[in-house]
Each structure stands twice: as structure tokens, then as C-alpha cells.
Amino acid sequence: TSNMKLILIFSALFGASLCLETFVGHQVLRIKTRNEEEVKKLQLLESLEHLKLDFWINPSTPALPVDVRIPANSVQAVKAFLESYGIEYSILIEDLQVVLDKEKEDMAYSQQRDRSSNSFNYGTYHTLDSIYAELDHLASEYSHIVSKLQIGESYEKRPLYVLKFSTGGSNRPAIWLDAGIHSREWVTQATAIWIAKKIASDYGKSPSITSLLNEMDIFLLTVSNPDGYVFTHTTNRMWRKTRSKNQGSRCVGVDPNRNWDAGFGGPGASSNPCSDSYRGPSANSEVEVKSVVNFIKNHGNIRAFLTLHSYSQLLMYPYGYKCTEPADYAELDALGRAAANSIQSLYGTTFTVGSICTTIYQASGGSIDWSYDYGIKYSFAFELRDTGRYGFLLPTNQIIPTAEETWLGLKKIMEHVRDNLY
Amino acid sequence: EAAMELPPSHYPASRAAALATGYACYRRGSPGRGLALRAVRRARRQDIDDVGHKYHLELVLEDILDKDSTVNCTAEVLYHLGNKNIAPDVQFTIEGELKNTDEADNIFYNRIKTLEKELVAENIPDSHGNVSPEMEPIHLLAWVASGYVIWQNSKENTKFQLAQIKHVKQVKRSDEYLEFDYLILLHEMVSQEIIPWQMRVLWHPQHGVQVTQDSRQPKQASE
């Protein structure tokens, strides 16, 4: 009888079922059943667990094919069974392991291609490690104009990396640009890394950038507060300050933009370590701030100091620590308006222009106040998108548009600096 | 006391404007409609002896879900003198019609009413600014309700914005209203503090948004 046949064929295989990790010699068959009888035969096959058959499409109706993966040592027996009942089948996959190996190879190849052709997604937010890896990538891919410098270490000993864009010369007049001093302002670090790529890839193509870099250098600090940035990823998305320990307090961190030596201790900064605008025990107490101050002083030829924050869509010049106008008010205001117009020209995003003190609040110890009083005339602070709908949590689809429009504003300022070297 | 003209781009005007917008949004908003400040056209300030400072504002508001849809709004904001914890007085008039959101509101209402289990969600938007389409009305409802909290707690030296919904859970009700218990984070621009705030929000398509209870929460120790 047919059932006897079955038992004979398969009992020989009973107990021969090894638990193999690989799929060497496994075949995938497609079985075409013509009637209910044949479907029933396949359902009988399905019930023989020791065969370790893996049905990709189970036998249920003659209308549908049955796809089944068969371990190597069951292949001949299953085929014999099907042939003895005249059940039609075809071989979908001759050897499954070969297919899997090829797939693995393809994946490894495309991953390697990704690494060498750079698939860093500028339209999303990245971890610190990922941004740092991209800095290295840019410095290597555009090594004729980009180099990476370390200007110091954060409180928790993370390196502070600056990209230098230069076509040579010796201590040329330079532009300083930083982002992410307040760690929760994620669109700023994202904008900075996009700008790095933009400057590097546009040199030699854009007349403006090319002429700029032929006369000046650009220094770009993409993550000014790496400890805070890591903390926003691991623990608290809304963290603003550094992560330094405060003596005598359980509260951590200093507001790095109240820590500069400009009206330090004045109004608009807190003396409470638990405050998000805590100025710190003394000016430059934060190593993240001191490192930048040292760099700027040692360089000696910085002509513009530009810093990125979010949010509010503002373009501001000094002062923050006092509400009196800076000596260069007229020029800075006019340049600020020109830059805001450039920003608006792309997507209609409006930026309000004015001094820090009149536009948002009186705030002492701010970076552009220090740089301006130090002698760097072109000192501007940007507050990027948006105006509060998403605030710090700006959706990723706005990263690149924000970077593109911000770049136009920065370029306007840089071109003016280039044309007005004093 | 004559009214003094203020530069619209300076912070005294923008703070009063943010407050007026929050209040207007609370009064006119729904899960299908949120209002945000587009621009300050004009601002004047009157110092009223023994009373306080009164701001006269001409604003442009935009529909959060449809940026091209804007309305003009005139508002008066009176910040009371002294340290009393009295909310500022706000009056406003919106010129023209706001978009009708009955359909969207009813869809949302029915969706929540027919949920098998009470809605629970957190971190809206998430760290990357994402809000799923199903959570958009929940987000907007918080935006509208936070207008109340902002109004009640604003002073001349504060400027609040909703930063994030940390947690929201629906409260079961036997009547026709929908009720949600929110824990939100408010961002206060002047001090730069992030302030957790809990609020109970009641809503019905025909009865608007109501904050029935709210309380400031302590900052987490780990932060």
C-alpha cells in the first residue's frame, strides 16, 4: 500500500536528522498539486516532523503551489515520494547555501562601497561618534583644503575638534564658526557638519567660496560641547549646559554661553548651579570655553566670530551684557539685515535682526560679546529654525533646508569680511 | 498715560505677543486647529499707575497645520503690578474666519471614543522631531491646552513655549467628554529652564478645550 511505501522510505531517515546551522545542499521545491488527493499526500508529508521540512507555502488547496525547503539528507527521499505519486514539482533553489553566501557577499560589498563613497546622511541627527567619523572622512577626502585640529578636551576628556579650511599661506586672516555650544540645539551641529561638506566640495566650483578660501581660512568647531551632546543622546534630550561638577552642589553643569569673560557676573546669568543659565564659578572656568579662547588668542588673526544656536530665527550682534549699542552698530546692523535677506531668499524663512540685549534678553558672559570686545568686529550669533512649533526638536526633514538657508547668511557675512579686511 | 510705540522686533513686544497668542490659541483651538504667532505688526505699551503695563498688539497668526492660512489679530495684554500671582488680562479679536475643523475634530473624537484601551503615549515629538500622524491631534491638543498654562503663568520677564509632551494618558469618562492627563515640558526662554508641568485637559467638539487642573512639577534629580 502507499502508506507502507511512505513508512519504508522515511523510516530510513528517522533519527538521521542532524541539527545543522548551514543550508548546504538544501533545496527549495515548488510542488503543483492537481487535486485534493495530492494536497492530502503533501499534508501527510508535512506531518512527518523528523524530515525537518520547512514549508514556505503550506499545502491547503490545489489552487496554490506548495513551496518547501528540504534539508540535504531528505531531498532524494522527498523527490522519490513525489515521483511515485506522479506529483509535479520544480526546483526553485538548487542549493540554498549558495544563494545565502552570494547575498552575504553582496551586502558586504555594498557596505564597503558605502564606506568609501561616503553615505553619511546629512538629513538626520547623528551621535557624536558618527559626527567625529565624518570629520575624519572629510579631512581625508578633501585633504588638499581640509585638516582636523584638536584644540583641547572637554570636561569628560572628549576631544574638541576643529576643521581648518585653508588653501595655504601662513596665518591668514580667518573666520571662526562654532555650533552646539548648547547641546540640545541639535539642528546646529547638524548644520555645521553640512556646512563643512559644502565648503569642502564647493571649493573650486563656487567662485565665491573659492575666492574666499584663496584669501582667508575658515575654522569650524562642529560640536563645541561634546559632553552635553552625548548626554542629550543617552539621558536627557533637553540638556543645555556642560557636564562639569559643581563644588558643593548636586547639580551638574555650567551654561557655556554665560561663562565668557564679557560682563561676567552681570545680569542675565544665574549664580545658582542648578539653573540652566548658571554662569559658573568664574569666567572661562569651563574647559570648553577656555579652549576656544586660547585658540583665538594664539591664532591672533581671527576676523569674524560666528556662532550657531537654536531656536527663534534671530540674527544678532553684540551686546548681550549691556543694552548700549556697539561702536560698529550701523555696519553690523546693515550686514545682519543683508544676511537675513539672503536667508529669506531661499525658503522664505524670516530672521529678526538686532542686538542680543534688545532682541531676546540681557545676558552676560556671552561668546560674541567677548569676541567683539577682544577686537573681532564681525561677531554674530544666529538662532536657527524654528520659532517654537517644534523648538529644539526640529524634525529631520528641516535639517538640510535649515543648513542651506543658514549657509547663505553666513556666506554673505564672510564675503563682506573678505571685502573689508581691516 | 499715553501709549509708547515699541519696536516689534524687540523682546517686550514679542513676549506679550507670545502670551496673547497662547491665550487666543487656547480659546480657539482644538485637536484639529492650532494657532501660532507669525509676526508682530505693531506694538504699543501703556504704563497705568497702580495697575500695571498694558500692551496693545497687532499680530499675524498662522494655522499650524496650514502655514499659508493666516489671520490678523489685535490683542491687549495687561500685566498686573506687584507680585500677586494674578494671570495677565488678555483680550483679543481675530479678523475674519478661521478654517472649519469640524470634520477633523469629529474623526479624532470618534477614533478615541471607540478605542478598546485608553490611549497612552510618550515623547511627542520624539528626539528627532517626529510626530506620527495618529498622534498629531494629541500634540495639537497639548499645544492648545498649554496656552492656558502659559497664560496663567506669564510675566513681563517670561516667554513660554511647549517643548515636548513627556507623557499623555487618556482618562476614562462616562460622559461625552474626552479627558487626557498630560505631563508636558515647557521651555521658558528668558531663564532657559525646562519646566515639567502636569495638566488635565477636557475636550468635546462642541465645547472646546478646557484645562481643569494643572500643577508645576519638580525638575528630575538626574537632570
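We use all heavy atoms of the structure for the numbers below, so side chains are in, but hydrogens, waters and symmetry mates are not. Residue numbers start from 1 in every chain, and the chains themselves are labelled A, B, ... in the order their sequence lines are given, proteins ahead of strands.
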Measure the spacing between [atom1] of [X] and [atom2] of [Y] and express it to the nearest 0.5 Å.
| X | Y | atom1 | atom2 | value |
| --- | --- | --- | --- | --- |
| B:Glu188 | A:Ser277 | CD | OG | 9.5 Å |
| B:Asn130 | A:Asn397 | CG | CG | 8.5 Å |
| B:Ile194 | A:Arg237 | CD1 | CZ | 10.0 Å |
| A:Thr358 | B:His10 | OG1 | NE2 | 3.5 Å |
| B:Gln161 | A:Ser312 | CD | OG | 8.0 Å |

Self-check item: Between A:Gln362, A:Arg184, A:His233, the one whose heavy-atom pairs under 4.5 Å with chain B are most numerous
Solution: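 Sorted descending by pairs with chain B, the first entry is A:Arg184.
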Among A:Arg240, A:Gln398, A:Arg389, which residue forms the greatest number of heavy-atom pairs with chain B at distances under 4.5 Å?
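Heavy-atom pairs under 4.5 Å are most numerous for A:Arg389.
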Engaged part of [X] at the chain B interface, taking heavy atoms whose separation is under 4.5 Å:
| X | result |
| --- | --- |
| A:Cys251 | neither |
| A:Thr396 | both |
| A:Thr124 | side chain |

Using side-chain heavy atoms (C-beta onward) and a distance below 4.5 Å, is A:Trp186 in contact with B:His128?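 Yes - at least one pair of side-chain heavy atoms lies under 4.5 Å apart.
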With a 4.5 angstrom heavy-atom cut-off, which part of [X] approaches chain A: side chain, backbone, both or neither?
| X | result |
| --- | --- |
| B:Leu140 | side chain |
| B:Ala163 | both |
| B:Asp126 | backbone |

| Looking at B:Pro12, B:Pro7, B:Ser191, B:Gly34, which makes the most heavy-atom pairs under 4.5 Å with chain A? |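 Highest number of heavy-atom pairs under 4.5 Å: B:Ser191.
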Heavy-atom count around [X] [atom1] within 6.0 Å, excluding the residue itself: above 12?
| X | atom1 | answer |
| --- | --- | --- |
| B:Arg111 | CZ | yes |
| B:Glu5 | CD | yes |
| B:Gln213 | CD | yes |
| A:Lys322 | NZ | yes |

Please give me the minimum heavy-atom distance between [X] and [Y], naming the atom from each residue.
| X | Y | result |
| --- | --- | --- |
| A:Tyr390 | B:Pro125 | CD2-CG, 3.8 Å |
| A:Pro395 | B:Gly129 | CG-O, 3.5 Å |
| B:Ser127 | A:Leu393 | O-CD2, 4.1 Å |

Would you say the ring centroid of A:Tyr311 lies under 6.0 angstrom from that of B:His187?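 Judged by ring-centre distance (under 6.0 Å), A:Tyr311 and B:His187 do meet the cut-off.
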request  = Consider only side-chain N and O atoms of A:Tyr361 and B:Gln192, and report whether a donor and an acceptor are under 3.5 Å apart.
outcome  =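 Yes, side-chain donor-acceptor contact under 3.5 Å.
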> Do the side chain of B:Arg15 and the main chain of A:Ile360 share a donor and acceptor less than 3.5 angstrom apart?
Replying inline: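 A pair under 3.5 Å: yes.
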* Look only at the side chain of B:Glu193 and the backbone of A:Asp276, and say whether a donor-acceptor pair between them is shorter than 3.5 Å. =>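 Side chain of B:Glu193 to backbone of A:Asp276: a pair is present.
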Under the criterion side-chain contact (heavy atoms from CB on, under 4.5 Å), I'd like the reasoning laid out for B:Leu185 against A:Met238: C-alpha separation, chi angles, the key distance, then a yes or no. CA-CA 9 Å; B:Leu185 296 180; A:Met238 297 293 173; 4.0 Å; yes
